[in-house]
Colleague: 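My questions all concern the structure below.
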Amino acid sequence: MPASPKRAWSWEGASKVMSRGFASNYRIVLLASVLIVSFGAIGVRLVHLHVIDRDKLLPYVERVRGQQVVQESRRGDIFDAKGNLLATSQPQVLVWVDPSFLRPEDEEKWPQLAALLGRPIAEVEQILRRRTRMVETEATAAVPEGPRLAGGPAEAGTAQGPTVQTIRWAKLADAVDEATFDRIQELGVRGVGGDHEYRRIYPQNEIAAHLVGFVNREGEAAAGVEAFADFYLRGQDGWRDVELDGRRREMAQFRAREVSPSDGYSVVLSIDSAVQFMVEEALARIEREFSPEGASIIVSDARTGFILGLGNTPSFNLNEYGAAAATDISVLRNIAITNQIDPGSTFKIVAASGALNEGLVNGRSLFDCTLEVIRYNGRDRRLIPDDHAWAHPLSVAEIISHSSNVGAAQLGMLLGEQRLYDYARAFGFGEKSGFPFGGEIPGMLNPPEQWSDLEITRIPAGYSVSATPLQIHYAMAVIASGGVLLQPQLIREIRDAGGETVQRFDRLEKRRVLTEQTAAAMADMLMGVAGPDGTAPEAAIVNYQVAGKTGTAQKLIDGRYSDRNHVGSFVGFFPASRPEVVISVIVDDGHPANGRPAYGRVVAAPAFRQIAEQLIPYLGVAPVRAPTRLIASRQEDGR
């Protein structure tokens with residue numbers, strides 16, 4: 001078989017074969033040119049962005065990608081003296097949606113979402129299906145708005161007049177508990193998210209509403225302890241600098257700085273929820289029986305001045321403060337410190353104590369209380385008549401127990417204008433008590449140079465002077481404390497987030513007003529008020545020494561004192577020989593069913609006794625049967 005012919009190999013042949021597998025020189029040049037131009041354009045653009053327009057674009061980039069995420073701190077709790085919770089911060093979730101991320105395949109889950117949110121499906125669908133809205137100001141672009149991020153994204157463009165704006169954030173619910181939110185996330189509805197925050201709640205609702213106060217919807221402490229102790233309670237929010245991707249998700253690898261939140265301190269009050277409930281139960285009874293314009297009851301520790309309970313009517317539910325304010329914003333006021341009234345006969349303790357303390361009289365000194373006019377400093381002064389005619393001169397003790405206006409005026413005249421004024425100020429009238437809340441007023445007590453000729457006969461009986469219920473209460477507490485004006489206090493302790501006490505508050509004396517002997521003598525005489533012949537036998541408690549004073553002041557209506565409108569009060573303490581508790585009941589314009597005037601013995605004294613009888617077993621107050629001399633008792637007690 002003939003051999004196959006051999007092919008000759010040469011470089012020329014190989015070159016021709018290889019040239020068919022590569023682009024021509026023209027194509028190479030063209031490709032290179034395109035690449036050079038492209039990279040050049042990119043370089044020019046980068047120079048333009050990073051150099052020429054850097055100052056203009058940098059804020060935009062920082063707002064869109066760089067965000068500062070606030071990490072909310074937990075507000076401290078408020079407790080009563082027994083550890084009962086009065087205010088706390090409950091974790092919750094604000095649920096939102098970015099409609100632009102919703103998927104059609106998730107629509108079948110919307111009814112479940114609505115059920116978990118506790119909203120009608122129609123309302124939820126309306127939010128989810130709405131993608132745009134009309135705005136009347138400068139239009140904003142469609143840059144996503146980061147939920148709950150400080151400093152929203154920049155706007156991509158503006159235009160004047162109405163325009164369409166893409167909705168990138170809408171609220172679905174603002175108070176969802178964390179367990180429910182976990183179930184919402186399990187549904188897997190794309191575009192639905194949540195922000196974790198704290199909601200302030202008040203477990204005991206209306207109990208001590210005017211003392212505790214509240215935090216409003218904007219997170220601002222608006223009243224009461226919440227506002228006064230906000231520095232301790234509010235804590236310090238944390239934050240972190242983050243960068244977000246195009247879908248507004250945090251890129252953890254670019255997290256820069258982070259500061260953890262510091263939770264707020266807790267505040268322990270001196271009030272006892274059980275005592276507070278007694279107070280509010282008595283106020284409810286007063287409201288039902290007398291329909292007053294307002295009423296206040298205050299209970300304090302006679303030895304320390306700390307408040308054990310304080311309530312007003314009308315009042316409100318702390319968890320529904322918005323509804324209460326919408327109906328009548330005045331119910332939010334703590335009228336025990338914001339309203340002033342004529343103290344009436346409760347003020348008679350000032351003139352009597354001053355005259356005793358100055359050695360001008362003793363308990364057996366006698367005065368003619370049948371007088372209608374008395375000559376003082378060379379001029380005749382007309383006196384406020386008493387309700388009863390007296391067949392004999394009254395002793396100082398009887399002036400107190402029978403509440404004689406004529407006798408009180410004569411005691412005031414013995415002191416004289418300046419000393420009477422000085423004692424009134426020493427008892428705390430005409431100045432703020434120092435109660436630790438805003439809104440307290442000083443009342444009204446004019447200096448002697450502004451008195452008319454009749455003031456010396458009116459002021460000792462509690463007219464021509466105005467005071468808050470709290471001032472009246474602490475004036476009586478001067479006698480109960482042994483002659484010292486105590487600072488009203490409500491906060492017992494401040495505790496850190498770990499429960500350790502960082503600050504404790506103790507008894508605080510403002511000034512000594514009376515000697516212990518004078519205070520003891522006054523307490524002896526004030527026991528006669530609750531005696532069979534006194535003005536308030538309704539306040540008496542079997543086997544206990546009750547000391548106190550009634551007050552019934554006519555209200556000034558249209559410039560004249562009214563015979564039908566009164567402020568009735570009873571302010572007292574017990575046991576008189578070893579005072580433990582001071583109780584004040586002040587009823588503004590009550591209306592007894594039988595049409596009688598709202599005397600203090602009618603509208604206030606029964607409530608005093610009701611609270612006192614409940615406090616006796618609760619506080620373990622021992623009975624004191626014999627009316628022993630108070631000064632000896634106090635000396636034995638070491639006070």
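Source: prediction; values computed, not measured.
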Colleague: Using the side chain to side chain donor-acceptor pair (under 3.5 Å) criterion, which residues pair with Thr550? Sequence neighbours excluded.
Modeller: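 Residues passing side chain to side chain donor-acceptor pair (under 3.5 Å) with Thr550: Thr535.
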
Colleague: Would you please classify the geometry between the Phe608 ring and the Phe574 ring as parallel, tilted or perpendicular, with 30° and 60° separating the classes?
Modeller: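 Phe574 and Phe608: perpendicular rings.
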
Colleague: Looking just at side-chain N and O atoms, do Ser273 and Gln204 make a donor-acceptor pair shorter than 3.5 Å?
Modeller: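 There is such a pair between these side chains.
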
Colleague: What residues, two or more places apart in sequence or in another chain, satisfy side-chain contact (heavy atoms from CB on, under 4.5 Å) together with Ala81?
Modeller: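 With sequence neighbours excluded, Ala81 shows a side-chain contact (heavy atoms from CB on, under 4.5 Å) to no residue whatsoever.
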
Colleague: Any pair with a residue in residues 346-382 that passes ring-ring contact (aromatic ring centres under 6.0 Å, His included), sequence neighbours left out, goes on the list, sorted by first then second residue, please.
Modeller: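 Sorted result for residues 346-382: Phe347-Phe429.
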
Colleague: State which residues pass side chain to side chain donor-acceptor pair (under 3.5 Å) with Gln340; sequence neighbours excluded, sorted by chain then number.
Modeller: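 Applying side chain to side chain donor-acceptor pair (under 3.5 Å) to Gln340 gives none.
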
Colleague: Counting the benzene-type ring for Trp, do Phe437 and His210 have ring centres under 6.0 Å apart?
Modeller: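 Phe437 vs His210: aromatic centres not under 6.0 Å.
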
Colleague: Report the residues that fulfil side-chain contact (heavy atoms from CB on, under 4.5 Å) with Asp387, sequence neighbours left out, ordered by chain and then residue number.
Modeller: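 Counting only residues at least two positions away or on another chain, Asp387 forms no side-chain contact (heavy atoms from CB on, under 4.5 Å).
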
Colleague: Can a salt bridge be assigned to the pair Lys555 and Asp588 using a cut-off of 4.0 Å between side-chain N and carboxylate O?
Modeller: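 Salt bridge present between Lys555 and Asp588.
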
Colleague: Salt bridge or not for Arg303 and Glu509, using N-O below 4.0 Å?
Modeller: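 Between Glu509 and Arg303 there is no salt bridge, as every charged N stays at least 4.0 Å from the carboxylate O atoms.
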
Colleague: Would the distance check show the side chain of Thr552 and the main-chain N or O of Gly600 forming a donor-acceptor pair, the cut-off being under 3.5 Å?
Modeller: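 The answer is yes, because a donor-acceptor pair under 3.5 Å joins these two groups.
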
Colleague: With sequence neighbours left out, which residue pairs that include part of residues 279-312 fulfil the ring-ring contact (aromatic ring centres under 6.0 Å, His included) condition?
Modeller: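 Qualifying pairs: none.
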
Colleague: Who are the side chain to side chain donor-acceptor pair (under 3.5 Å) partners of Asn565, not counting sequence neighbours?
Modeller: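 Asn565: side chain to side chain donor-acceptor pair (under 3.5 Å) contacts with Ser562, Asp589.
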
Colleague: Please enumerate all residues that pass side-chain contact (heavy atoms from CB on, under 4.5 Å) together with His388, with sequence neighbours excluded.
Modeller: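 side-chain contact (heavy atoms from CB on, under 4.5 Å) check on His388 returns Trp390.
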
Colleague: So, using salt bridge (charged side-chain N to carboxylate O under 4.0 Å, His left out) as the criterion, who are the partners of Arg601 when residues are at least two apart?
Modeller: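 Arg601: salt bridge (charged side-chain N to carboxylate O under 4.0 Å, His left out) contacts with Glu538.
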
Colleague: Test of understanding: with salt bridge (charged side-chain N to carboxylate O under 4.0 Å, His left out), list the residues that count as partners of Glu287, not counting sequence neighbours.
Modeller: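 Partners of Glu287 by the salt bridge (charged side-chain N to carboxylate O under 4.0 Å, His left out) criterion come out as none, since no residue qualifies.
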
Colleague: Before accepting this row, confirm whether a basic side-chain N of the pair Arg285/Glu281 lies closer than 4.0 Å to the acidic partner's carboxylate O.
Modeller: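 No, this pair does not count.
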
Colleague: Could you tell me if Lys510 and Ser433 have a donor-acceptor pair between their side chains, going purely by distance under 3.5 Å?
Modeller: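 No - no donor-acceptor pair under 3.5 Å links their side chains.
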
Colleague: Could you tell me whether Arg234 and Glu220 make a salt bridge, using a distance below 4.0 angstrom between a side-chain N and a carboxylate O?
Modeller: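 Salt bridge flag = no for Glu220 with Arg234.
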
Colleague: Determine which pairs satisfy ring-ring contact (aromatic ring centres under 6.0 Å, His included) with at least one residue from residues 448-480, sequence neighbours left out, and list them in order.
Modeller: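 As it turns out, the ring-ring contact (aromatic ring centres under 6.0 Å, His included) pairs with a partner in residues 448-480, which skip direct neighbours, are Tyr463-Tyr561.
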
Colleague: Hey, can you tell me if His566 and Tyr599 have their rings parallel, tilted or perpendicular (30° and 60° cut-offs)?
Modeller: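 Judged by the thresholds at 30° and 60°, the geometry between His566 and Tyr599 is tilted.
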
Colleague: Suppose we screen for side chain to side chain donor-acceptor pair (under 3.5 Å). Which residues come up paired with Arg564, at least two apart in sequence or across chains?
Modeller: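 Partners of Arg564 by the side chain to side chain donor-acceptor pair (under 3.5 Å) criterion come out as none, since no residue qualifies.
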
Colleague: Side-chain donor-acceptor pair under 3.5 Å between Gln545 and Ser577, yes or no?
Modeller: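 Distance-only check passes for Gln545 and Ser577.
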
Colleague: Applying the side-chain contact (heavy atoms from CB on, under 4.5 Å) criterion to Ile298, which one of Leu308, Val279, Leu470 satisfies it?
Modeller: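 Filter result, single survivor: Leu470.
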
